[in-house]
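Notes to accompany the following structure.
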Amino acid sequence: MAISTGQSSRVNLEILDTQGEVTEILEPGGTLLSRNGPEFQQVCAGAFQTLADKKIVGISGSLPPGVPTEACAALVTSAQSANCLAFVDPVAALSKALAAVPDLVKIKSGEAEFVTQVAIRDPISAALASRKLLDLGANSAVAALGDRGLVGVRKHDRLAIHAWTPLCAQNLPWAAVIRLLLD
């Protein structure tokens, strides 16, 4: 569902070469005006209600200029009020999103190091960082180790899971890898 902002749309490209290496070309997003925020939240809330009953809402990427840092947390709350699971793959405003208690937070190792102050070098340190994300509010957390897979943990579970498939080495989008791991 599109919302007119008067700004050009952002284009992101992922180019996969014959060796499986990915090159990303990411354009900056346009600045959103303060009047667009409430309309965006209302459209999302309506969509969540339409798709309710344990659908997954993925909230991913950076916040466009002009979007308040509370926007990600508001989307988490809105999704969960419609009985949807809220999965967050943030680039910005993670602390606010964690305060809204998302069902899953997936984070790259560099981002996890910044937020948790844990140097991620291997699956064990990734599990420690994931557990810190749980302490900060997430119900489950996944730390991405690039071509070395994912390390995930759920609240109240003693053990973390280190998942790796050959697909991880191909730099597939995290949602595709998690979907394959859950099947």
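Quick note: numbers below take in every heavy atom, side chains included, and nothing from hydrogens, waters or symmetry partners.
Counting all heavy atoms, side chain and backbone alike, Gln80 lies closest to Ala100 at OE1-O, 3.5 Å. Considering every non-hydrogen atom in both Cys72 and Ala97, the closest pair reads SG-CB, 3.7 Å. Here the shortest heavy-atom pairing between Cys84 and Val57 reads CB-CG2, 3.8 Å.
Residues meeting the side-chain contact (heavy atoms from CB on, under 4.5 Å) test with Leu145, sequence neighbours left out: Ile120, Pro123, Ala126, Arg148, Val151, His162. Here Gln19 pairs with Asp17 under the side-chain contact (heavy atoms from CB on, under 4.5 Å) rule; sequence neighbours left out. Under the rule for a side-chain contact (heavy atoms from CB on, under 4.5 Å), the partners of Ala74 that lie at least two apart in sequence or sit in another chain are Gln41. Under the rule for a side-chain hydrogen bond (donor to acceptor under 3.5 Å, both in side chains), the partners of Asn12 that lie at least two apart in sequence or sit in another chain are Arg10. The side-chain contact (heavy atoms from CB on, under 4.5 Å) test applied to Leu13 returns Val11, Ile25, not counting sequence neighbours.
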- Walk me through it: do Leu104 and Val142 pass the test side-chain contact (heavy atoms from CB on, under 4.5 Å)? CA-CA 7 Å; Leu104 175 97; Val142 174; 3.7 Å; yes
- Item | side-chain contact (heavy atoms from CB on, under 4.5 Å) between Leu98 and Leu133, intermediate numbers included | CA-CA 8 Å; Leu98 285 167; Leu133 291 170; 4.1 Å; yes
- Task: Go through the steps for Leu134 and Val153 under the test side-chain contact (heavy atoms from CB on, under 4.5 Å), then give the verdict.
- Result: CA-CA 8 Å; Leu134 299 180; Val153 64; 3.7 Å; yes
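The side-chain hydrogen bond (donor to acceptor under 3.5 Å, both in side chains) pairs that include a residue from residues 128-146 number zero, where partners must be two or more places apart or lie in different chains. Counting only residues at least two apart or on different chains, the salt bridge (charged side-chain N to carboxylate O under 4.0 Å, His left out) pairs with a member in residues 116-127 are Glu113-Arg121. Within the structure, salt bridge (charged side-chain N to carboxylate O under 4.0 Å, His left out) contacts touching residues 64-88 (residues at least two apart or in different chains) are Glu70-Lys96.
Taking hydrophobic clusters as Ile, Leu, Val, Met, Phe, Trp and Tyr residues chained together by side-chain heavy-atom distances below 4.5 Å, Leu150 shares a cluster with Leu85. Hydrophobic clustering, with ILVMFWY side chains joined whenever heavy atoms are under 4.5 angstrom apart, groups Ile59 together with Val43.
Residues Leu94 and Ile107 are in side-chain contact: their nearest non-hydrogen atoms beyond the backbone lie under 4.5 Å apart. Residues Phe48 and Leu75 are in side-chain contact: their nearest non-hydrogen atoms beyond the backbone lie under 4.5 Å apart.
Distance check: Leu16 CG to Thr23 OG1 gives 9.0 Å after rounding to the nearest 0.5 Å. Once rounded to the nearest 0.5 Å, the distance linking CZ of Arg154 with CD1 of Ile161 reads 6.5 Å.
Using modelled atom types, one side-chain atom of Asp103 and one backbone atom of Ala86 make a donor-acceptor pair closer than 3.5 Å.
By the 6.0 Å contact criterion, CG on Leu26 is enclosed, its count of non-hydrogen atoms from other residues, nucleotides or ligands being greater than 12.
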